[in-house]
Structure formats: structure tokens, C-alpha cells
Amino acid sequence: MSTEPAALQLFDDSLRRCTTNPAFFDRFYGRFLESSPKVREKFTNTDFVRQKRALSASLHLILLVAHDPARDAARYLGEVAERHSTRQLGIGAELYDLWLDSLLATVREFDPEFGPLVEQAWEDAMAIGIRYLCSRY
């Protein structure tokens, strides 16, 4: 099941508003790292310049998947899912909750048009990506 076109447009517009501010990804990672010692442990020795680029790319890939998750999830998120699986980084489901909470708090801070509909659009789009990653854990 895909996300409604209007919600996808809300997500896309909000993503653009947030990511045009260079501080967005710094603030997100600061918030995410503060959320748990386990998160900080997972990011030991991380190259955050590269990590921020990867997150930006992943958010745009999730937008593509949200248009048709049944067809495109493996195509766009297959490598991300493998990287997060037990075979590599072992990113468990509990960390996705912290990730999403940190992301939504950062969007709330950076998107001047943030409101219930924008928040729901982000939650719906991110749920598609998170479900796929967890299914490949």
C-alpha cells in the first residue's frame, strides 16, 4: 500500500525545507546521540560528514519507496537494509524508535510549516522504510 499523493507531497516539501538548512543533520545527530548510550556506541568512530550524506540519500530513497513500497523497497533500500542487518551493524528495532523520535523532533524544530499533517506524512513515510529495514534484520 502506498502513501497518498498529498501526504507524499507534504513529506517532500517538508524534507526540502528541512534539508536546505545545513544545521538540520547536525541537530538531528546531536539529538539522536543524546537519546541513548546504545546509540552513541553504534556511532563510535563514525565519519559524520559521510553519515549525514548517507542519511540525506536515505530520506530521499524512502520518498521513492513510499510511492510504491511493494515494488520499490528492495530496489531502493536493499543495501541500506543489509548494512543495518545482523550481518553488519545489527541495528535493532528499538533504535528505530529513538531514531524516529529524534527525526520528528528535529523536523518540528526546522520546518516552519510543521503541523499535524506534516508530522503524519513523515511518520507514514518513515514507517514504510523502517518496516522494510526491520523485515530484513
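For this chain, numbers begin at 1 and follow the sequence in order.
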Would you compute the distance between atom CG of Leu15 and atom NE2 of His60 and round it to the nearest 0.5 angstrom? 4.0 Å
Taking all non-hydrogen atoms of both residues into account, name the closest pair between Met126 and Leu103 and its distance. SD-CD2, 3.7 Å
At what distance, to the nearest 0.5 angstrom, does OG1 of Thr46 lie from CG of Leu33? 8.0 Å
Contacts of Asp12 that satisfy side chain to side chain contact (heavy atoms under 4.5 Å, CB included) - sequence neighbours left out: Gln9, Arg16, Leu63
Salt bridge present between Arg40 and Glu34 (N-O < 4.0 angstrom): no
If you look at every heavy atom in Leu10 and Ala121, which pair is closest and at what distance? CB-CB, 3.9 Å
Go through the steps for Phe32 and Phe28 under the test ring pair (Phe, Tyr, Trp, His ring centres under 6.0 Å), then give the verdict. CA-CA 6 Å; Phe32 187 39; Phe28 163 74; 5.5 Å; yes
Point-to-point distance, once rounded to the nearest 0.5 Å, from CG of Leu104 to CD of Gln120: 9.5 Å
Side-chain (Ser14) to main-chain (Phe11) donor-acceptor, under 3.5 angstrom: no
Atom CG of Leu64 and atom CG of Leu8: how far apart are they, to the nearest 0.5 Å? 10.0 Å
Point-to-point distance, once rounded to the nearest 0.5 Å, from CG of Asp13 to SG of Cys18: 11.0 Å
Aromatic ring pairing Phe110/Phe24, orientation class (parallel under 30°, perpendicular over 60°, tilted between): perpendicular
Heavy-atom check, side chain of Leu55 versus side chain of Trp99, under 4.5 Å: yes
Any side-chain heavy atom of Asp26 within less than 4.5 Å of one from Lys52? yes
Thr19 vs Phe25, side-chain contact (heavy atoms from CB on, under 4.5 Å): CA-CA, chis, key distance, verdict: CA-CA 8 Å; Thr19 58; Phe25 291 110; 3.5 Å; yes
Return the minimal non-hydrogen interatomic distance between Glu41 and Thr44, and the atom names on each side. O-OG1, 3.0 Å
Steps toward salt bridge (charged side-chain N to carboxylate O under 4.0 Å, His left out) verdict (Arg31, Asp101): CA-CA 9 Å; Arg31 182 175 270 131; Asp101 290 345; over 6 Å; no
Does either side chain, that of Thr106 or that of Arg27, offer a donor lying less than 3.5 Å from an acceptor on the other one? no
Are the ring centres of Phe48 and Phe43 closer than 6.0 Å? yes
Euclidean distance, Leu98 CG relative to Ser36 OG, rounded to 0.5 Å: 5.5 Å
Side chains of Gln51 and Asp47: donor-acceptor distance under 3.5 Å anywhere? no
